[in-house]
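What follows is a single structure, written as structure tokens, with notes after it.
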Amino acid sequence: MVIKTAEFVKSSSRWQDCPEPIFPEYAFIGRSNVGKSSLINAMLNFKDLAKTSQTPGKTQLINHFIINEKWYLTDLPGYGYARVSKSMRRDFEKINTNYMLNRKNLANLFVLIDSRHTPQLIDVEFIEWCGENGIPFSIVFTKTDKLKPNTVIANIEHYKTELLKTWEDLPEIYVTSAEKKIGGDEILKFISKTNQFFVENKIVFE
Ligand code: GTP
Ligand code: MG
């Protein structure tokens with residue numbers, strides 16, 4: 001997909017305040033600092049569209065971008081950020097949960113996982129929650145440039161084995177590096193195909 005335009009639309013603290021759900025929407029979620037905003041920028045080839053930071057917890061609102069005037073891309077607040085109070089963490093979770101359960105035009109959620117770590121309970125539980133609630137999702141491994149290729153493969157295999165303990169089938173998996181601009185094209189291809197499906201099947205968003 002050629003990215004002709006990518007524009008920030010608005011930041012919202014509640015799903016009710018998000019832009020009108022008139023386009024298919026693709027959201028990026030994952031632990032704080034996993035690389036959501038960086039991957040969005042790398043994938044779209046825009047340097048500072050989504051704000052990135054070395055300090056976890058940078059994205060605290062639901063950020064909407066409109067791409068090619070045809071689909072929404074959403075940067076969600078990171079979950080599991082340890083250095084905020086429990087009640088604040090619960091507030092973030094509520095923002096995300098309500099958004100995911102209520103956003104009618106949500107076509108797919110990209111769940112980002114840091115490729116360097118063994119499966120973390122918080123991510124595994126989140127993925128289970130998506131399944132239980134019928135949220136369509138894919139898994140995206142991030143920061144693969146920080147590892148040797150063999151370690152990336154081993155870690156992902158380990159992850160798949162872990163998921164297959166509770167899942168019959170695995171979701172789509174993407175292997176990415178924002179730093180090296182790897183994997184973004186595959187994600188865009190999926191988005192393009194999904195958008196095409198909506199057009200061909202006359203599924204309208206209004
Ligand atoms: P929050 O908004 O706080 O939830 O974080 P986020 O998930 O949006 O992470 P962000 O994109 O801000 O990146 C966090 C840190 O990881 C930054 O210092 C990035 O430069 C770094 N980072 C992100 N992606 C990559 C990557 O692919 N490779 C490397 N080496 N570093 C990355
Ligand atoms: Mg961010």
Side-chain angles (χ1 to χ4, degrees), residues 3 6-15 18 25-67 72-86 88-100 108-117 119-127 129-130 137-153 155-156 159 173-188:
I3 306 299
E7 283 163 54
F8 171 71
V9 183
K10 72 180 288 201
S11 298
S12 321
S13 59
R14 309 180 318 150
W15 69 273
C18 290
E25 181 158 321
Y26 302 86
F28 286 67
I29 198 166
R31 293 185 88 165
S32 191
N33 216 40
V34 71
K36 297 173 290 295
S37 304
S38 302
L39 185 63
I40 289 171
N41 291 333
M43 184 178 90
L44 300 175
N45 212 7
F46 271 66
K47 214 160 166 243
D48 283 319
L49 193 67
K51 299 279 167 269
T52 65
S53 161
Q54 288 174 336
T55 321
K58 173 77 185 168
T59 311
Q60 303 191 344
L61 295 164
I62 305 168
N63 291 304
H64 274 84
F65 302 90
I66 182 143
I67 316 300
Y72 285 128
L73 189 153
T74 312
D75 189 6
L76 293 170
Y79 54 73
Y81 174 41
R83 267 189 278 168
V84 294
S85 68
K86 251 195 186 147
M88 230 171 118
R89 227 185 302 168
R90 240 176 272 130
D91 285 347
F92 283 157
E93 264 151 39
K94 228 184 279 160
I95 294 175
N96 279 336
T97 308
N98 287 335
Y99 164 87
M100 290 179 285
N108 197 56
L109 188 69
F110 290 97
V111 181
L112 273 58
I113 306 278
D114 193 322
S115 62
R116 294 173 295 173
H117 307 313
Q120 307 283 301
L121 189 63
I122 191 166
D123 293 320
V124 174
E125 281 180 352
F126 177 71
I127 290 168
W129 182 89
C130 289
F137 71 95
S138 314
I139 292 182
V140 178
F141 289 99
T142 64
K143 305 194 185 182
T144 56
D145 59 282
K146 291 195 179 225
L147 295 172
K148 293 201 182 96
N150 278 344
T151 315
V152 174
I153 294 168
N155 285 3
I156 293 174
Y159 223 100
I173 287 176
Y174 298 92
V175 182
T176 70
S177 160
E179 181 77 22
K180 297 260 185 267
K181 297 227 160 115
I182 294 169
D185 282 351
E186 279 69 31
I187 296 176
L188 286 178

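Everything numeric in this text was worked out from a predicted model, so none of it was measured. Every number for a ligand or one of its atoms is a count from 1 in the order of the listing. In this chain, residues are counted from 1 in sequence order. Any value given below was found using the heavy atoms of this structure, including those in side chains, with hydrogens, waters and symmetry copies removed.
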Counting from 1 in the order shown, the ligand 1 atoms closer than 4.0 Å to a non-hydrogen atom of Ser38 are 10 (P), 11 (O), 13 (O), 19 (C), 23 (C), 24 (N)

Restricting to heavy atoms, the pick from Asn33, Asn41, Leu147 nearest atom 1 (P) of ligand 1 would be Asn33

> Taking the six-membered ring where the residue is Trp, are the ring centres of Phe141 and Tyr159 under 6.0 Å apart?
Replying inline: yes

Closest non-hydrogen contact found for Pro77 with Leu61 is CD-O, 3.6 Å

In Val140, Leu76, Thr74, the residue satisfying side chain to side chain contact (heavy atoms under 4.5 Å, CB included) with Ile29 is Leu76

NZ (Lys36) and CZ (Arg31) are apart, to the nearest 0.5 Å, by 10.0 Å

**pair His64-Glu25: side-chain heavy atoms closer than 4.5 Å** = yes

Please confirm whether Thr142 approaches ligand 1 to less than 4.0 Å, judged on its heavy atoms.
no

Exercise. Does a side-chain heavy-atom distance below 4.5 Å link Ile3 with Phe46?
Worked result: yes

Which of Thr52, Asp48, Asp75 passes side chain to side chain donor-acceptor pair (under 3.5 Å) with Ser37? Answer is Asp75

Report whether any nitrogen, oxygen or sulfur of Ser38 sits less than 2.8 Å from the Mg ion (ligand 2) (N, O or S, backbone or side chain).
no

- Item | Lys146 N/O under 3.5 Å from ligand 1 N/O | no

task: Give the intermediate values and the outcome of side chain to side chain donor-acceptor pair (under 3.5 Å) for residues Asp114 and Thr142.
output: CA-CA 5 Å; Asp114 193 322; Thr142 64; 4.7 Å; no

For Gly78, the ligand 1 atoms with a heavy-atom partner under 4.0 Å come out as 4 (O)

Atoms of ligand 1 under 4.0 Å from any heavy atom of Ser177, numbered from 1 in the order shown, are 27 (O)

Within 4.0 Å of some non-hydrogen atom of Ala178, the atoms of ligand 1 are 24 (N), 26 (C), 27 (O)

Ser37 heavy atoms within 4.0 Å reach ligand 1 at atoms 8 (O), 11 (O)

For Gly35, the atoms of ligand 1 under 4.0 Å from one of its heavy atoms are 6 (P), 7 (O), 9 (O), 10 (P), 11 (O), 13 (O), 23 (C)

Counting heavy atoms under 4.0 Å, the part of Asp145 that contacts ligand 1 is side chain

